[in-house]
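Heads up, the thing below is written out as structure tokens.
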Number of protein chains: 2
Amino acid sequence: MTSLDYFRSGPSGPWRIVSIDGFRGEALPRAERLDIAAEAAQPAEAPCWTLKGVAGHARYATRRELDMLGATQASLGRREATCAALIPIRKSQAWWNLAQDERRVIFEETSHHTAIGTAYLPAVARRLYHCRDLGEPFDFLTWFEFAPEHAAAFDALVAALRATPEWGYVEREVDIRLVWDPAASHQAASPKS
Amino acid sequence: MTSLDYFRSGPSGPWRIVSIDGFRGEALPRAERLDIAAEAAQPAEAPCWTLKGVAGHARYATRRELDMLGATQASLGRREATCAALIPIRKSQAWWNLAQDERRVIFEETSHHTAIGTAYLPAVARRLYHCRDLGEPFDFLTWFEFAPEHAAAFDALVAALRATPEWGYVEREVDIRLVWDPAASHQAASPKS
């Protein structure tokens, strides 16, 4: 099934935003916290920005790659994974003008996108969202979760991907880092006994 | 660029609906006319049903196929192409669970989808819209235009595709046939001098 999620920044939400960097192109405005919800309904406070995407079927992975990922990847929501990253990306028109076989060659045979990611499993859990068809300012959102001791490995993963030929087609990329901090959020500020 | 279009049925619109058949699964309610617009704004009369989709990049075609299509296919809006078909399709979860290489094999190497379509170029012009990510009841909408003398060829094209292994994954398909008839529509009923 497809799953539509909303990433809403603002004063509340269980994830505290540590940094927002524009790796390529325009960054996003600074915000304090992030909330992830399946509904468009806004919290009482106006959000700073909202990004949405659909987690659906794989666009490039082969059966062999999907089976390998299925056997190795970690699920989201692990208790120890208190660090997260949200990386919205837009690719150029030149990318979208390519045929499927040309995109596949750049994605995997040349850039080894899945192979690079696999080297960091199961430490880094991820979910890819597509948003190009939704009229969003980005084509993809990727949400990553990892434990603090894997933060350096995550930085290495991101650096490895950015060094690939595929990244020559990335025209906007924002790098948002977060930590799990629900106790201090408005939403989780219910009375503690 | 991606292009979002709305197919709105109701009492007005330049295309008169000749028939609506549920080829597989539930059909759509009977309606008189169809209007195609880039905005969600509704006409004065309430629409009967509205379908929307995004015409974007090709999902399976190789460079060789795209070049061949680019050299052969006709554009929409030809004066003589007064017949049209709108065919909304939903594929099964089993299809979407397949990997890209498995879907490609079924789509082209086994079912010869592009090759079959090519046999009817340039008589039949088409545009494919994706709508799965939009939360629509269908995954794709395809809009076809052809001259009346090619109506039998169009029926043969549709029958050939429905006989392929790929169609085993189609769980809902509606076949809507239309004719270009702007003079009788409300929208075009401006004073005639």
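Sequence lines set the chain letters: A, B, ... in the order given, protein chains first and strands last, and positions in each chain run from 1. Predicted model only: the values in this text are computed from it and were never measured.
Nearest approach of Asp133(B) to Leu134(A), heavy atoms of both residues: O-CD2, 3.2 Å.
Placement of Leu28(B) and Leu86(B) within a single hydrophobic cluster is found when ILVMFWY residues are connected by side-chain heavy-atom separations under 4.5 Å, directly or transitively. One hydrophobic cluster, built from ILVMFWY side chains closer than 4.5 Å, holds both Val174(A) and Phe7(A). Following chains of ILVMFWY side-chain contacts shorter than 4.5 Å, one cannot reach Trp180(B) starting from Phe154(B), and the two form parts of different hydrophobic clusters. No path of Ile, Leu, Val, Met, Phe, Trp and Tyr side chains, each step under 4.5 Å between heavy atoms, connects Leu34(A) with Phe144(A), placing them in separate hydrophobic clusters. Using a 4.5 Å cut-off between side-chain heavy atoms of Ile, Leu, Val, Met, Phe, Trp and Tyr, with links allowed through other members, Ile89(B) and Tyr129(B) fall into different hydrophobic clusters.
Contacts from residues 100-122 of chain A to chain B, taken as heavy-atom pairs separated by less than 4.5 Å, involve Gln100(A), Asp101(A), Glu102(A), Arg103(A) in sequence order. Contacts between residues 59-83 of chain B and chain A, counted as heavy-atom pairs separated by less than 4.5 Å, involve Arg59(B), Tyr60(B), Ala61(B), Thr62(B), Arg63(B), Leu66(B).
By the 6.0 Å contact criterion, CD on Glu26(A) is open, its count of non-hydrogen atoms from other residues, nucleotides or ligands being 12 or less.
Note: His130(A) NE2 to Arg132(B) CZ = 11.5 Å, rounded to the nearest 0.5 Å.
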